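Structure first, then comments.
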Amino acid sequence: MTRLLGRFGLVIALAVLCAALSAARPSFLTLGNLVNLIRQISINGILAVGVTFVLLTGGVDLSLGSLVALTGVAAALFAHPGEYPVIAPVVAGVAAGALCGAASGAVITVGRVAPFIVTLGMMTAARGLALVASGGRPVSNLSPEFTALGGGQVLGVPVPVIVLAAVAAAAWVVLARFRMGRHVYAVGGNENAARASGIRVGRVKMFVYTLCGALAGLAGVVLAARITTGQPNAGVGYELDAIAAVVIGGTSLSGGVGGVGGTVLGALLMGVINNGLDLLNVPSYYQQIVKGVIIVGAVWMDRSQHKS
Amino acid sequence: MTRLLGRFGLVIALAVLCAALSAARPSFLTLGNLVNLIRQISINGILAVGVTFVLLTGGVDLSLGSLVALTGVAAALFAHPGEYPVIAPVVAGVAAGALCGAASGAVITVGRVAPFIVTLGMMTAARGLALVASGGRPVSNLSPEFTALGGGQVLGVPVPVIVLAAVAAAAWVVLARFRMGRHVYAVGGNENAARASGIRVGRVKMFVYTLCGALAGLAGVVLAARITTGQPNAGVGYELDAIAAVVIGGTSLSGGVGGVGGTVLGALLMGVINNGLDLLNVPSYYQQIVKGVIIVGAVWMDRSQHKS
Amino acid sequence: MIQAKDISKSFAGVPALAGVSLEIRAGEVHALMGENGAGKSTFMKIVAGQLAADSGTVDSGGGRVAMIHQELMPFLDLTVAENITMGREPAGRFPGTVDRGAMRREARELLARLGSTIDPDRKMRGLSVAAMQMVEIAKALGWRADAILMDEPTSALAGHEADLLFEVIRDLRRRGVAVVYTSHKMDEIFRIADRVTVLRDGRSVATHAASELDERRLIALMVGRELTSQRPAGGAARTETALSVKGFGGAEFEVRKGEIVGMIGLMGAGRTELASAIYGLAPGQGEVRVNGRVATIGSPADAIRHGIAMVTEDRKGSGIVPRMSVRENLTLASLGAVSRGPWVSRAAEAEAARGQMSGLAIKARGPEQEIATLSGGNQQKVMLGRALLARPEVLILDEPTRGIDVGAKTEVHELIRRLAREGKAILMISSEMPEILAVSDRILVVREGRVTAELDPRTATQEQILAHAMPEAG
Amino acid sequence: GRTGQGPKQPVIGVSMMNLSNEFIAMLNKGMEAKARELGVTLIVNDAQRNAEKQVQQVESFVAQKVDAIILNPSEVEASSPAVDRAVAAGIPIVNVNSETRSAPSAFVGSRDEESARIAMEYIVKRLGGRGDIVMMHGFMGQAAQLKRDQGAREVLRKNPGVKMLADQTAEWDRAKAMSLMENWIQSFGPKIQAVFAQNDEMAMGALMALEQAKMKDKVIVVGVDSIADALEAVKAGRLDATVFQDAKGQAGAAVETAVKLIRKQPVDKQVYIPFQLVTRDNVAQYLK
Ligand SMILES: Nc1ncnc2c1ncn2[C@@H]1O[C@H](COP(=O)(O)OP(=O)(O)OP(=O)(O)O)[C@@H](O)[C@H]1O
Ligand SMILES: Nc1ncnc2c1ncn2[C@@H]1O[C@H](COP(=O)(O)OP(=O)(O)OP(=O)(O)O)[C@@H](O)[C@H]1O
Ligand SMILES: [Mg+2]
Ligand SMILES: [Mg+2]
């Protein structure tokens, strides 16, 4: 309850935006467009949920965009028709992401190098790996079973939307109800105190970076399925969008405060802005100005709501 | 003394890298290439010095890349031959940068919105402004007096190198010897303590964001002069490079610790890596992998040096 | 229960502990005494396994060891219940889950044992230091350890709450738990300790049964010489009013030049809140006059400009800048005085810092030592030095001797007196009744944010003060 | 923006790959001009070089029930689902400038390989079939980079006398190209006889680095796109050549084709608009 109320301003900002949009463009509030909108945020949403864990521990992960490319390529290599069952590319993508995440986590915990630097290095290196693995060209000719993960529907709901919902729900449970969730908040809130409370801080960090990598892998799989190709140059800048969604949603960059609920709201807000500006046909250059202003404005509103 | 020793590992990493490079490519250690190298880091160096102030207060500025584009365009609009004296474009660029920085600073201090969000908004908005101001096309036909700021030399030293040296020296003096410098460290070290000690925290933050914007403007001017055009799509990703240089140089992302000396070393390290990989003609894909590994490795080495 | 043998530890080549051996028995309360920087906290952290010794062994016989830290370590954005159960959350129905109801219940029970009614669902942020200390104690109790190390657990607590803690300690003793206890409040030692070990400069000087010692002998062992502990000289209050306060939800009082006004109240009575509002650090509506002129104070910077300086209660949160040196911390509030234009004069700054370091007998390797590596008491002295360097006419001290050792405490009391004699007006908040009685010229009792009584320390009794501080029955 | 008015004007949704790119912006301008002329409404979205966003935009157009879609694909493969969505929804879709794997209702544009082939053949001719060159790539893995790379290498295979000393990406960026060229000058010096840059921005960067090193007169520099700066440089005799891609021609044909499709008139399934080599001799006709 308090958590939802904490994000009250954001909900209002979102509501105002939606009301304004549907007044200006009746097509905004159609079921078709709303499903469309949620499908559009699914990739960013999955990434944002993953990086929420990392930000909660006070870390950061800049490698997400590159990981999306690398894992999309990895998945695509196993997704040619008639070669492997459809689970193979999914496992390949998620495992590749988890592995990279774990590698970052290991350097961060063992080497005590700042997460910013480690994941920046991973961002560069994973992009190179994606290019090497794909020979620099898109990996295409993917099986229809695989591409259904991006373009298909189950009971009328697009698969990416289902994936996002499942991921967000699971993440919420872990953060709110599991010991690991408590420990994530503890490490971010006060690392020394967490250590003094007997929490194995290294393990918690390994967990969050590995999880974040794995979810980036999942996002990479969904993206590859959606665009029906493993694209080594995909995902540039996705990390900033994901982190933005998390921070808009009220998770502090210094760790310890926030949660997945806010993150989903944040991703939604960004999706509505993008979708709305396109619907309103705002010229591209002005879109960017308006987008920047709305994001800051919404968060400002949210923060002032907080104080009262 | 302690500060220099603190960065000892980084100096060693740099020395090892340079030794290896000059062994592999004798052309590395020529005066020509060294001047070349420092000229290449000048833009990133100027940006990194500016963002050092911001990071020292525990903030962040993601708008640098877009500001470089916007201010480059602003400068170029005043740099057509025979229209205004050459000081006009410089003032236009720096002032535009300072203004944007001040705007970010104001929202951060007054609105208490997280710097990440505010400067992310500014990143998007400034890019849009740059596109609007230039009509989406490069502003070219610039006077030779102006382009000399990027391509010219004074006593054999390229102008951008002189600008970087001046900026770094001035920044060092401010941080190490001025009251404002001490206040910057205090705000980043413990904002509550700084406030309780009578430091006007808001003013300090306004100062750092404005300064950082102004230096981004200077970098934009130098870049526009160097590439002889105001490019509205220039500078994408520059903010990450600049922040990376600062963090490699030992300034903590959580504020309060670090300085300009380390930043210059960090920018140098990144420059050597880029230059060296080109000289060694490492294939593109592998360049990125190697670059990522070296950056993390150098910082790791630096950190382990610290502990002993 | 715990056998520590020949523990040595040095930081950057400077020894903090040199061959300390100690045996702690089950069911005893063992007091660890010593001046600031003697090595008590370092020793406890080593015994708790949170710091590695350079040499020596600790054998706790497989028993569990919990520790209450001198420097509070709260998770500010988590609830009280989450803080108390962190690291040993009650397991929920499914593997890996936590039972939040059980968590809350357990927290409430532990707090109740300490006589505290803090709501387990409250966020830590916003609690007073004293309340946080309560949570910290509850947390350590929750471990149900075989030995509990208590590093100045009562430094922020008022007598009443400390009494409840002693009840708990006696209970622990009955159950065979070993308790190691440090405090700079001498009276506590004789009320609770069975044996006392004194550390001086990182060496163990002596271990005695508490019954063999009295306060004077203990102090002599700690300090290494006899301390002439006489009551400080009488007040020097003049007639001119230096500070007058009106508003802030029910406060109206004055502090005259040269006068020390002591402010006392129970934990959470609102003294810190009131002082912070006067100083511009917390929101509040009221009128402040300095030397008769209305001072408009919107921030501490304004307050300092009007001649008011304050030492805050929360040393870690709003006091030290941990990564700065002692010098930089000392001059933080008075950089203007050691600068020419924008330039900080290195020489002037160093001189100012050295002056305070010797004047307050701050124990540090030098002005360049990072303040975070000083012992707690010495950090507190630096905070005092910072306020003094601002050359205030009015000095607000919130728990100024929290964590300061007996020797230094006498020095600080004498210093406060001296400042008063120099004409400064001093408003001193303290939860230590003896300190209030010994130092103040006048006592204000605060309850629920209001000044409820004004008493004369020469005639007032502890019972009288308590009567005004306690909430009215019914 | 929305162009023209009127109750029953046909609406065409346009998804452009990247409006901050000068050439794409020119393409967009050409389309808006043609739309005004033909009295149709355009809704222009900018995918900012992101194929997934491009798919989203087409999905939004489908949700809005536009009459036709013009797609300026950012990727061959990755933008294909966008075409599939439109086809599945029965909305005519015209690809402009570059291709996708999935077949649209019609295609208007050029073959990117051809531009590199033209540029490289010019270099080979200038070198007399023998010499050392370097090549600057665009952003690795993007369709234009891949195709221009492919076209250039085809020519090199046929001319074994021309050797590639080094090739490296400068990510379409002028400043990066300048640094890269500076480093190449340090490492190869006078051995470099020609530079092929996969776009004009990079060619301009290489050109300026060479000029500063006072080596331009010994090195041939060729780019692709014919941006304004490049044309000026060709005219001034600084840049040796660029390859002209007809933005206006492509744009006009694309809108015309889309309108015909809306009116159910017959159209050419594929309209190729050829590239042209621009050198000092013929630059005048491209400058206006
Ligand atoms: N991390 C550290 N780095 C350097 N020196 C340290 C560090 N921690 C403690 N010290 C030094 O070790 C000595 C002992 O400190 P310790 O905190 O154990 O004292 P203490 O007896 O607990 O004092 P107090 O009563 O003031 O709490 C002090 O001189 C202190 O400056
Ligand atoms: N134990 C507590 N339980 C709940 N709230 C508390 C408690 N302690 C403090 N507070 C909150 O803090 C406010 C005032 O605390 P403040 O720190 O000003 O008191 P204080 O008199 O300085 O006492 P101390 O610092 O000894 O705790 C109270 O109004 C109350 O809201
Ligand atoms: Mg201690
Ligand atoms: Mg208090």
Side-chain angles (χ1 to χ4, degrees), chain A residues 1-3 5-7 52-53 55-58 114 169-204 207-208 211 247 249-259 261-262 304 306-308, chain C residues 41 44-45 48-52 64-79 81-103 119 121-126 132 135-136 138-140 142-143 145 149 151 283 316-317 322 372:
Chain A
M1 193 59 196
T2 40
R3 290 239 165 109
L5 276 174
R7 295 276 72 74
T52 301
F53 284 82
L55 295 184
L56 280 176
T57 65
W172 185 86
V173 171
V174 169
L175 281 178
R177 293 278 178 265
F178 274 68
R179 293 181 68 169
M180 184 49 100
R182 303 287 88 221
H183 294 182
V184 166
Y185 282 99
V187 169
N190 188 339
E191 190 170 325
N192 287 329
R195 196 168 284 120
S197 304
I199 293 170
R200 292 181 196 275
V201 174
R203 276 198 207 163
V204 175
F207 169 77
V208 296
L211 178 70
V247 179
T251 295
S252 154
L253 275 174
S254 45
V257 204
S304 32
H306 258 230
K307 267 172 258 161
S308 65
Chain C
S41 299
M44 283 192 173
K45 283 185 202 156
Q50 286 165 13
L51 197 65
R64 241 187 316 193
V65 179
M67 178 164 175
I68 299 168
H69 293 85
Q70 178 180 9
E71 296 303 334
L72 299 177
M73 293 206 264
F75 302 104
L76 287 174
D77 294 297
L78 297 182
T79 64
E82 286 170 322
N83 268 270
I84 289 176
T85 56
M86 186 58 73
R88 40 161 207 92
E89 301 81 357
R93 216 167 339 143
F94 303 100
T97 58
V98 296
D99 181 342
R100 297 169 75 86
M103 209 157 107
D119 178 2
D121 286 327
R122 254 187 85 157
K123 284 261 162 72
M124 282 296 267
R125 194 182 292 285
M132 286 190 201
V135 173
E136 186 96 16
K139 179 175 173 183
W143 281 96
L149 313 175
D151 195 357
K316 204 170 170 194

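Per chain, numbering begins at 1; letters A, B, ... match sequence-line order. The figures here come from the full heavy-atom set of this structure, side chains too, leaving out hydrogens, waters and symmetry mates. As the structure is a prediction and not an experimental result, all values here were calculated from the model.
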Counting heavy-atom pairs under 4.5 Å with chain A, which one of [options] comes out on top?
options                    : result
C:A48, C:G87, C:G49        : C:G87
C:P74, C:A91, C:A66        : C:P74
C:M67, C:Q50, C:E89, C:H69 : C:E89

At a heavy-atom distance under 4.5 Å, which candidate from [options] has the highest pair count against chain C?
options                        : answer
A:G198, A:S197, A:G181         : A:S197
A:N190, A:V174, A:N192, A:I199 : A:N190
A:G188, A:G256, A:A196         : A:A196

Side-chain contact, heavy-atom cut-off 4.5 Å: A:Y185 with A:L175? yes
Residues two or more places apart in sequence or in another chain: which of them pass side-chain hydrogen bond (donor to acceptor under 3.5 Å, both in side chains) with A:T57? none
Working to the nearest 0.5 Å, report the span between CE of C:M44 and CD1 of C:I68. 9.0 Å
Verify the distance criterion only: is there a donor paired with an acceptor across the side chains of C:S41 and C:D151 at less than 3.5 Å?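 Per modelled atom types, C:S41 and C:D151 side chains form a pair under 3.5 Å.
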At a 4.5 Å cut-off on heavy atoms, which part of C:K45 comes close to chain A: side chain, backbone, both, or neither? neither
Scanning both residues in full, the closest heavy-atom pair of C:V98 with A:F178 reads CG1-C, 4.2 Å
Salt bridge (charged side-chain N to carboxylate O under 4.0 Å, His left out): pairs with one or both residues in residues 185-203 of chain A, sequence neighbours excluded: A:E191-A:R195, A:E191-A:K205
